[in-house]
Amino acid sequence: MNGKRLATWWVRWPDLNWPSVDNLDKIKRRADKMAQADVTSAVIFGTHFRWDYLPYFTILHDYLAQVAQSLHSNGIELIDHHSVNLVHRYSTREQMRHVMLHSGPHLPFSPSWEAAATWEYNGKKLNDWRMIDVKTRDVLYFPQYAAEGFCHRNPEFIEAYIQYTKQLIADTGIDGLMADDSVHYMHYHSCACPHCRAELQRRAGIDLPDIEDQNFWGNWDNPAWKHWLDLRLDSCGEFQQKLAQALPEGFQLMSCGASSAGPGALEMGADSRQFLRGCNYTNLEMTGNTPAYKHDPKQILNQLSALAETLQPDGFLLDLQRR
């Protein structure tokens, strides 16, 4: 960001004790200190898996509005930063601990499975937006985040997120948005939802084959395989483009994971050129190279185990490397 000096504005559990006079004073002091440090832009960290805060949007947005007001009085802009589509889902203490150790930018906060099944936004069930696992054709799970994810090709999800973003801007007065995670973190496991399958049908004239079909999966001589790769890449760009069209003119929009380098980018459907179909800033976040949170050795083993579990059962992932 040319000419900008960014700093993180962390939201911790005590900050959500809002509205309290003590936290109001804390906000003003933090804004004053950022001004003294010549910060031009503060970026929100903490309330990252934003849909997990659905019952508390009123409190959270009012807190962010006060942060924006205090920063603006010091000539500093506020950029909200959150995941557009990932939601924490866990059942055990170990999974909760996993979130605390692995996902430093998040408060470890999530509804129960039972509560999540009933949650709606503008009359639409959140669970109806979830990505579907290519292998099992069941709801896709992200063990590295103890999470599920909403498909960024699903038109109902896109409409709901755009509505949320408009509400967020109106409520808070933020100056920009870092809209994260419109990619495929589970690599070729996603996504087999009806909307992704319909797009493959439209482009290639086939339904998405079962995972055992080696004539399709990883077959670079099959044009349908290339269509599948392209539509996954395109889904990121199309999402960001639709989001940008709904934002105020000149509103700052960026995302994460904007690298186009390495085989992982193709697996994830991540390409900076796709992000820039909507984003007017590109963000070179450290994705994939960040050490385990607080250097926890158990977490490192968990990450290696999750990677092995992701690669080995399907065969086609390893086969892709050999091809």
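For the residue pair N122/Q163, the side-chain donor-acceptor check at 3.5 Å is satisfied. Between the side chains of E77 and T40, no donor N or O sits under 3.5 Å from an acceptor N or O.
Using modelled atom types, no side-chain atom of N17 and backbone atom of P14 make a donor-acceptor pair closer than 3.5 Å. The main-chain N or O of H187 is found under 3.5 Å from a side-chain atom of R232 such that the two form a donor-acceptor pair. Using modelled atom types, no side-chain atom of D181 and backbone atom of V84 make a donor-acceptor pair closer than 3.5 Å. In terms of modelled atom types and a separation under 3.5 Å, the side chain of N74 and the main chain of I76 share no donor-acceptor contact. Here the side chain of W217 pairs a donor or acceptor atom with the backbone of D210 at under 3.5 angstrom. The main-chain N or O of F49 is never found under 3.5 Å from a side-chain atom of H88 such that the two would form a donor-acceptor pair. Here the side chain of Q69 pairs no donor or acceptor atom with the backbone of A65 at under 3.5 angstrom. S70 places no side-chain N or O within 3.5 Å of a backbone atom of V67 that could act as its donor or acceptor partner. Judged by distance alone, with hydrogens and angles left aside, the side-chain atoms of Y141 form a donor-acceptor pair with the main-chain N or O of R89 at under 3.5 Å. With hydrogens and angles disregarded, a donor-acceptor distance shorter than 3.5 Å links the side chain of N280 to the backbone of F251.
The shortest distance between side-chain heavy atoms of D180 and M178 falls below 4.5 Å. When side chains are defined from C-beta on, M131 counts as touching H152, because their heavy atoms get closer than 4.5 Å. For the pair N219 and K226, the minimum side-chain heavy-atom distance is 4.5 Å or more. Looking at heavy atoms from C-beta onward, S83 lies out of side-chain contact with R50 at the 4.5 angstrom threshold. M186 is listed as a side-chain neighbour of P143, based on a closest heavy-atom distance under 4.5 Å. Between L168 and L64 there is a side-chain heavy-atom pair separated by less than 4.5 Å. Taking 4.5 Å as the limit, some side-chain heavy atom of Q274 sits within range of a side-chain heavy atom of R277. The shortest distance between side-chain heavy atoms of L107 and Y53 falls below 4.5 Å.
Linking ILVMFWY side-chain heavy atoms closer than 4.5 Å, directly or via other members, places V39 and M254 in two distinct hydrophobic clusters. Hydrophobic clustering (side-chain heavy atoms under 4.5 Å, transitive across Ile, Leu, Val, Met, Phe, Trp, Tyr) groups W129 together with I162. Clustering ILVMFWY residues whenever any of their side-chain heavy atoms sit less than 4.5 angstrom apart, transitively, puts V139 in a cluster other than the one holding L208. Under a hydrophobic-cluster definition in which Ile, Leu, Val, Met, Phe, Trp and Tyr are linked whenever side-chain heavy atoms come within less than 4.5 Å, directly or via other members, F150 and Y161 are assigned to the same cluster. Tracing side-chain contacts under 4.5 Å through hydrophobic residues (I, L, V, M, F, W, Y), one never reaches L6 starting from I44; they form parts of separate clusters.
Rounded to the nearest 0.5 angstrom, D62 CG and D171 CG are separated by 8.5 Å. The CD atom of Q66 sits 5.0 Å away from the CG atom of L24 when rounded to the nearest 0.5 Å. Summarising the geometry, atom CG belonging to L243 is positioned 6.0 Å from atom CD belonging to Q240; distances are rounded to the nearest 0.5 Å. L16 contributes atom CG, which lies 8.5 Å from atom CD1 of I59 (distance to the nearest 0.5 angstrom). A distance of 7.0 Å separates CD of Q167 from CZ of F57, quoted to the nearest 0.5 Å.
When all heavy atoms are compared, the tightest approach of S190 to W228 is O-CZ2, 4.1 Å. Considering every non-hydrogen atom in both D271 and R273, the closest pair reads OD2-NH2, 2.7 Å. Between C196 and C151, the shortest heavy-atom distance links the atoms SG-SG, 3.6 Å. Contact record, A179 with S255: O-OG, 2.6 Å, taken as the closest heavy-atom pair. Of all heavy-atom pairs between D213 and N215, the closest is OD1-N, 3.0 Å. Taking both residues in full, the closest heavy atoms of M34 and A42 are given as SD-CB, 3.8 Å, listed atom of the first, atom of the second, then distance.
Ring planes of F45 and W10: tilted class, angle from 30 to 60°. Using cut-offs of 30° and 60° on the angle between ring planes, the pair F216 and W225 is perpendicular. Between H48 and H106, the ring planes lie tilted relative to each other; the angle falls in the 30° to 60° range. Below 30°, between 30° and 60°, or above 60°: for H61 and Y164 the angle between ring planes is between 30° and 60°, a tilted geometry.
Around atom NZ of K26, more than 12 heavy atoms belonging to other residues, nucleotides or ligands sit under 6.0 Å away. K33 NZ: 12 or fewer foreign heavy atoms inside a 6.0 Å radius.
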Checklist entry - Can you check side-chain contact (heavy atoms from CB on, under 4.5 Å) on F275 and F239, steps first, answer last? => result CA-CA 9 Å; F275 282 98; F239 174 84; over 6 Å; no

Test side-chain contact (heavy atoms from CB on, under 4.5 Å) on T172 and D80 and set out the steps.
CA-CA 10 Å; T172 64; D80 191 14; over 6 Å; no

- Message: Checking S182 against S235 for the side-chain contact (heavy atoms from CB on, under 4.5 Å) test, could you report, in this order, the C-alpha distance in whole Å, the side-chain angles of both residues, the deciding distance, and whether it holds?
- Response: CA-CA 8 Å; S182 58; S235 65; over 6 Å; no

ring-ring contact (aromatic ring centres under 6.0 Å, His included) assessment of F109 paired with W13: CA-CA 10 Å; F109 188 68; W13 286 122; 5.5 Å; yes

Worked check of side-chain contact (heavy atoms from CB on, under 4.5 Å) between Y90 and H98: CA-CA 10 Å; Y90 35 64; H98 177 89; over 6 Å; no

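The pair D234-R153 fails the salt-bridge criterion, with no side-chain N (NZ, NE, NH1 or NH2) lying under 4.0 Å from an Asp/Glu carboxylate O. Contact check on K135 versus D133 returns no salt bridge, with no Lys/Arg side-chain nitrogen under 4.0 Å from an Asp/Glu carboxylate oxygen. Under 4.0 Å is where a charged nitrogen must lie from a carboxylate oxygen, and between R203 and E199 at least one such pair does.
Taking the six-membered ring wherever Trp is involved, the centroid distance between the rings of Y185 and F142 does not fall below 6.0 Å.
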